[in-house]
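Below is one structure, written out as structure tokens; comments come after it.
Ligands are counted one by one from 1 in listed order, and the atoms in each one are counted from 1 as well. Remember, predicted model here, so these are calculated numbers, not experimental data.
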Amino acid sequence: MKKTLLTALLAVWGFSANAEYWQQSIAYKMEIKMQAEKNQFTGKQEVKYQNNSPQTLNKVYFHLYFNAFQPNSEMDIRSRSLPDPDRRVGDRIQHLKPEEQGYQRVLSLKQNGKALNYAVQGTILEVELAEPIKPGKSVRFEMEFEAQVPLQVRRSGRDNAEGVRFSMTQWYPKMVEYDADGWHTDPYIGREFHGVWGDFDVTIHMDSAYTIGATGHLQNPEEIGKGYLPEGKKLKRKSGSTLSWNFKASNVHDFAWAADPDYVHYTKQVPNGATLHFIYQPDSLTDIYWPQLGDYMVKAMQVMNENFGVYAYSDYSFIQGGDGGMEYPMLTLITGKRKLGSLVGVSVHEMNHSWFQGMLGFDESHYYWMDEGFTEYSGDVVMGELFESSKKDAFVGAYKGYLSIAGSSNEQPLSTHADWFKTNKAYGIAAYNKGSVFLSQLKYLVGDSLFKASMLEFFNTWKHKHPTARDLKLIFEKNSGLELDWYFEQWINTTHTIDYGISSVVERNGELRLHLKRIGDIPMPLEVEVYFTDGTSSRIRIALDVMRDKSTSGQLPDWKWVEQNYRLSMKMPDNKSVKAIVLDPDSRLADVDRENNIIILE
Ligand SMILES: [Zn+2]
């Protein structure tokens, strides 16, 4: 009796320890004194950190990303050792002069008033705590630091190729996330991010000539004065005095900003939604296309709200800066000298990251393919609504990219950590293309309306948290009643591919005999179209046994996943004869060889 009770209790504890989700929380208050002419700044940071984990913490860590922009940093060495380095990085870090390098130096650090010992290893600050942080307890860290903004190489930095003075991303000592997988002290090599959910209150003191765009909502527009809010006005502030810009953001996992003396700014309002900010340097090209961007992005956000969940913040900013496009909470930095299609395309992609990274805070090192892939997928949905020409090509690029490498020795599974891919190309295809095709295949498995409802439920259940692929799977399984383990398993942890073919078709004595073959390792439910000589056609659906699809019971026998062959015979409709058989007639499967999907009878 006693033993049974204890076993039962342990079972309950064991279960709740696994099933109960927790996440750390943080609040940053920062005062930043920017010395624009020296490209340096000093900062004071007050961090309130709450340990919501069931473990006691004896150490904490911070990211010091700017340290990556020094010769022989991990980012520099990694870039020089990859066979296909990012062209924007290449060997540029190795050649940065001292005044072009980046650094973040911690000057002092206290925990609840007590000075702490710490050590820096590359881009990671390791902090020995004066007192452990027990589960459920919070502490206050106070840090003073100084930093130099590197010449823009990747994402962060000063004086980018388009002449934007400051692209300030990964710019402050940022607490490393601790979650169910432990600490995430990945050295920065220029790739993915993970952060603690929390609030930011950031004041930037800077030469009054500069206009700043940032994560969050500007708290003191009156103090900043005329020019920041009115539509489209170019403003020339006088240099020489200091302006203090105060931005606040709640429930985000990072904070970024950009500053330039030439910026102009206008806003557009999403009906019943966020204020969109457009901040760019006027010139002969940007003056044509940036003013047009606003209306497109209002519509883009409406499409996202409708299909993937409602944007949760008051503001979103599109800012010219950085190198290409990169997403941050409530803003993006994009290069701005683009024609309309490219400008809208990059803006849609980066804004959509507000859903797949910004609000669904994936651990990007492990779920970069949910971050980039789902963003690409939703980008195709939005672009199809904005431009008729984009509709017909939606998802084609994703399939093409994935199929160009699928199953080859160059492909690596999605379970590979983002930083550890052997080539940039393999990473790019896994993240952007295979991640997008993942959703297309999932939609094929569950059907269009259930797909939409499940994506919305995933968003509403997991926004402002760190969901994983498993969390997505559980929602899709619950809503569809289908078993999807086999699909997630094959698609994420292997480089197995889909390939089905038609072995033979025989029509004799009013009977059609079909022999189908599974050549690839990933099984899928199948659709087969039978075309008749009179121009009509008929569709056959073959269920997959491991999916446990009840909707097809009483029809054709399921295809057992262990079987490579499937034979079926069916009575031909009267007075009809077969002209052709096509497997996957809507081209929805990521079938690596479509040649064997069709047989035309003579
Ligand atoms: Zn992206």
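- For Glu372, the N/O/S atom at the shortest distance from the Zn ion (ligand 1) is named OE1.
- Remark: at the Zn ion (ligand 1), atom NE2 from His349 and atom NE2 from His353 enclose 100°, rounded to the nearest 10 degrees.
- Within a 6.0 Å radius of CG in Asp586, more than 12 heavy atoms belonging to other residues, nucleotides or ligands are found.
- Not a single N, O or S atom of Glu376, from either the backbone or the side chain, sits less than 2.8 Å from the Zn ion (ligand 1).
- Shown are Asp179, Asp186, Asp181; of these, the side chain to side chain donor-acceptor pair (under 3.5 Å) with His194 is made only by Asp179.
- With respect to Asp254 and Lys174, a salt bridge is recorded, a charged nitrogen being found less than 4.0 Å from a carboxylate O.
- Ionic pairing of Arg158 and Glu100 is not present here: no N-O contact between side-chain nitrogen and carboxylate oxygen is shorter than 4.0 angstrom.
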